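Here the structure is laid out as structure tokens; the discussion comes afterwards.
Being a predicted model, the structure only gives us computed values, none of them experimental. Residue numbering restarts at 1 for every chain, and letters A, B, ... go by the order of the sequence lines.
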Protein chains: 2
Amino acid sequence: MKRKITLKHIARELDVSISTVSKALKNSEEISRDTKEKVQAFARLYNYKPNNIAISLKNKRTKNIGVIVPDIVHHFFTTVFRGIEKYANAKGYNVIVCVSDESFDKEVINMEMLANGSIDGFIMALSAETQRKNDFNHLREVTEQGIPLVLFDRVTDEIRCDQVIIDDRAAARDATLRLIDNGRRRIALFTTETYLNVSAKREDGYRQALEERGIPVREELILRLPYQYEEENLSGVFFRDQEFDAVLCVNEIFAVRAMRLAQQQGLRIPEDISFIGFTDGLLSRYSAPTLTTVAQHGEQMGEAAAKMLIDKVEQEYDETDARSYRTRVIPTTLIERESTAL
Amino acid sequence: MKRKITLKHIARELDVSISTVSKALKNSEEISRDTKEKVQAFARLYNYKPNNIAISLKNKRTKNIGVIVPDIVHHFFTTVFRGIEKYANAKGYNVIVCVSDESFDKEVINMEMLANGSIDGFIMALSAETQRKNDFNHLREVTEQGIPLVLFDRVTDEIRCDQVIIDDRAAARDATLRLIDNGRRRIALFTTETYLNVSAKREDGYRQALEERGIPVREELILRLPYQYEEENLSGVFFRDQEFDAVLCVNEIFAVRAMRLAQQQGLRIPEDISFIGFTDGLLSRYSAPTLTTVAQHGEQMGEAAAKMLIDKVEQEYDETDARSYRTRVIPTTLIERESTAL
DNA sequence: CGACGTTACGAAAACGGTTTCGTGTTAATA
DNA sequence: TATTAACACGAAACCGTTTTCGTAACGTCG
């Protein structure tokens with residue numbers, strides 16, 4: 001087992017000082033041609049690589065960014081993560097991921113663990129519990145320490161920081177308008193029970209679209225489902241009565257499950273009833289029928305978030321404190337598939 | 001912006017030495033009651049938290065583990081990751097994730113980035129390219145430096161290290177046997193084109209099951225598909241001719257797409273043809289019909305891998321070099337759903 | 001009263017780098 | 001020949017901890 005070699009070893013071996021070795025390896029002008037070649041050859045031979053930790057301690061920069069998400073087994077967050085990782089890696093940064101599991105406490109603990117020097121900045125989406133409690137002190141502490149923070153998707157305006165979001169309201173509005181313009185009038189909304197910013201905004205957009213077209217909002221058509229809802233919640237009766245002819249769902253799982261129930265009731269999709277979901281994941285692409293859905297372009301969001309964060313991290317060092325926070329809105333795309341095909 | 005406070009600040013403020021502060025915060029016997037209380041109160045007041053980087057440098061342990069996976073937008077890897085993150089977090093470790101994107105070069109670069117002090121050990125699944133090239137020098141270098149390594153799912157026996165795998169051969173064999181015992185005789189195998197260990201083993205299991213039951217293997221029933229295959233590859237004719245009455249697929253995407261094509265050809269599932277896939281993801285659960293599939297229990301694999309790694313990391317410090325490598329085989333479960341229901 | 005043991009603390013080294021500032025030697029210049 | 005500049009390198013501080021070792025002050029005991 002050959003342990004890693006350090007500057008000290010090289011220095012001792014070549015009978016020069018540590019500083020000389022350090023400078024030689026950086027090709028400093030200060031060092032003679034001879035010495036540089038000698039040192040570099042030796043370093044190459046023994047495969048010397050500087051110790052990241054030591055460099056971090058000296059520079060007070062880790063080249064790590066912390067990502068905290070509520071859930072990782074979730075298509076949207078995964079694609080965002082891919083975007084982050086891609087951009088960060090290209091810039092020489094590593095990504096430390098923590099999962100808050102929708103829990104406030106875990107979110108706080110994870111932030112604290114990372115905030116003590118492990119990372120240069122945070123990218124995160126708030127947990128459901130954090131949004132419910134409306135307690136953002138952990139975010140505030142971090143930003144007050146001067147650690148850059150970028151929030152995406154599940155954001156709050158209580159904290160001054162960069163944000164990357166989609167226009168959930170507009171996306172839901174556009175989707176609803178599309179249904180209306182396709183001749184649908186009794187449009188239901190299947191949304192989440194737990195309080196999430198995004199769900200609320202999507203509901204707003206839904207309402208807005210109906211109002212714009214002069215269709216009264218019928219509250220009984222708005223279903224709030226627990227995340228892992230039981231089939232009974234969507235009673236077959238609901239479908240059988242033909243209470244509605246279109247459904248907007250705030251995620252693709254709700255949509256696919258609802259489609260199945262409708263089919264089991266003998267309804268034809270899209271002839272009798274059409275569906276639109278959110279998140280362009282595997283389910284949307286491979287369900288039968290394929291699902292029309294609002295693509296959130298998670299990867300793009302991730303790249304944007306990583307770029308904003310890294311820009312801020314790196315400017316910290318040359319710039320004056322030109323603190324200004326930006327919000328980037330990534331445009332959504334309505335991907336039309338069989339579930340709304342006319 | 002209040003910067004983080006250090007031992008030095010506390011020492012200066014309280015007019016004691018840095019060592020005294022350090023010891024007082026650790027409740028050392030060496031320090032008087034008075035001084036300890038004074039220091040601890042001050043630390044609490046200013047919310048002192050030791051700097052992780054400095055501690056890492058001193059201890060030569062980072063409490064970070066590196067995870068390298070070929071892809072993150074992939075249900076199986078994501079669940080494994082969740083298992084890793086869960087266990088690691090519970091043990092006070094953070095997880096740095098790198099995505100190799102199935103590329104050998106990225107895998108090497110990522111390993112090198114992390115191996116220079118950033119992490120205490122690796123958990124990884126090999127990229128497709130690495131498996132094809134059969135080049136494992138980057139793994140060897142890392143293990144020779146004494147950095148613990150745990151391989152999962154996509155492993156190699158060329159490197160001496162811990163492994164967490166499923167018994168792909170047995171799982172495929174069992175699934176195939178189940179199809180046979182359900183009365184199926186003309187069983188096709190849809191597998192990947194690119195060379196992957198796991199695919200090869202699954203194919204083995206498939207062949208073995210047929211042989212065991214005295215059914216000749218018909219090579220024309222084994223289809224090797226590119227990962228993002230075009231519909232044409234699975235020509236409708238293939239299904240229409242009723243060349244086969246069951247299909248074993250090495251992943252759930254293949255299975256779901258094949259089911260759709262079969263349905264389009266007017267075949268009834270499972271009456272005319274049944275399907276079994278691998279990976280119990282969203283698709284299997286929500287497809288129509290729901291898909292019988294081999295659950296790999298990724299989360300369990302992740303936890304097992306993390307446990308093995310952390311055990312090794314922590315024993316490094318007390319134990320003698322009792323190097324012994326273990327392979328944990330996580331049992332799979334065949335989850336029977338509509339696609340094989342009789 | 002001298003030897004010794006506690007107690008309570010500080011100095012300093014160490015982890016592995018980077019960087020500033022000196023300085024001895026040589027060579028060029030006045 | 002004395003002055004100075006350039007060159008090539010080393011000493012040391014520093015980043016924030018931990019930890020070993022030394023020691024001043026005090027009390028106890030024979």
Side-chain angles (χ1 to χ4, degrees), chain A residues 3-40 42-43 46-64 113 115-120 145-146 316-317, chain B residues 3-40 42-43 46-64 113 115-120 145-146 316-317:
Chain A
R3 276 255 156 256
K4 277 224 147 304
I5 193 177
T6 70
L7 288 186
K8 197 193 280 189
H9 295 128
I10 303 184
R12 212 183 336 253
E13 215 65 32
L14 262 41
D15 211 46
V16 291
S17 76
I18 294 181
S19 1
T20 302
V21 176
S22 175
K23 289 170 190 161
L25 290 174
K26 302 189 104 71
N27 240 318
S28 159
E29 290 300 326
E30 248 180 287
I31 307 298
S32 73
R33 189 161 208 64
D34 274 12
T35 311
K36 278 199 281 197
E37 275 170 8
K38 197 174 57 176
V39 171
Q40 289 172 5
F42 190 92
Y46 287 95
N47 193 29
Y48 168 80
K49 294 278 165 51
N51 179 308
N52 289 333
I53 299 294
I55 293 181
S56 293
L57 183 58
K58 185 91 238 285
N59 299 173
K60 293 163 150 275
R61 301 186 52 194
T62 61
K63 286 240 165 194
N64 285 156
M113 274 194 74
N116 299 121
S118 298
I119 49 95
D120 294 340
Q145 275 171 38
E316 291 258 299
Y317 298 89
Chain B
R3 275 255 154 256
K4 278 224 149 302
I5 193 176
T6 70
L7 290 186
K8 196 193 281 189
H9 295 126
I10 304 185
R12 214 188 328 257
E13 215 64 31
L14 262 41
D15 212 45
V16 292
S17 77
I18 294 181
S19 359
T20 302
V21 177
S22 176
K23 290 170 190 162
L25 289 175
K26 301 189 106 70
N27 240 317
S28 161
E29 292 299 326
E30 248 180 289
I31 306 298
S32 74
R33 192 161 206 63
D34 274 12
T35 311
K36 279 199 279 197
E37 275 169 10
K38 197 174 58 175
V39 171
Q40 289 171 5
F42 190 92
Y46 286 96
N47 193 29
Y48 169 80
K49 294 279 164 50
N51 180 307
N52 289 332
I53 299 294
I55 293 181
S56 294
L57 183 58
K58 187 90 236 289
N59 299 172
K60 291 164 151 277
R61 301 186 52 194
T62 61
K63 286 243 167 190
N64 285 155
M113 272 194 74
N116 300 121
S118 299
I119 50 96
D120 294 340
Q145 277 171 37
E316 290 258 301
Y317 298 90

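Between the side chain of Q40(B) and the main chain of A24(B), a donor-acceptor pair closer than 3.5 Å is present. The backbone N or O of S28(B) sits less than 3.5 Å from a side-chain atom of K36(B), completing a donor-acceptor pair. When atom types are taken as modelled, the side chain of N51(B) and the backbone of I53(B) share a donor-acceptor pair closer than 3.5 angstrom. A side-chain donor-acceptor contact under 3.5 Å links S56(A) to the backbone of N52(A).
Once you apply a 4.0 Å limit to the heavy atoms of chain B, the touched nucleotides of DNA chain C run 5' to 3' over dA8(C) to dG16(C).
One can place CG of N52(B) at 15 Å from C1' of dC15(D), the figure rounded to the nearest angstrom. Straight-line distance from the CG atom of N27(B) to the P atom of dT18(D): 13 Å, rounded to whole Å. Here the C1' atom of nucleotide dT17(D) and the NZ atom of K49(B) are 17 Å apart, to the nearest Å. One atom, NZ of K60(B), and another, C1' of dT17(D), lie 15 Å apart when rounded to the nearest Å.
The minimum heavy-atom distance linking I5(A) with Y48(A) is given by the pair O-CD1, 3.4 Å. Closest non-hydrogen pair, I31(B) versus K23(B), comes out as CG1-CB, 3.7 Å. Residues S118(B) and T62(B) approach most closely at O-OG1, 3.4 Å, considering heavy atoms.
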statement: The contact string for nucleotides 4-14 of chain D, one letter per nucleotide 5' to 3', using protein heavy atoms under 4.0 Å with B, S and - for base, sugar-phosphate only and none, comes out as ----BBBBB-B
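With rounding to the nearest 0.5 Å, the separation of CZ in R61(B) from CD1 in I119(B) is 12.5 Å.
Within the nucleic acid shown, S22(A) comes within 4.0 Å of at least one base atom, counting heavy atoms only.
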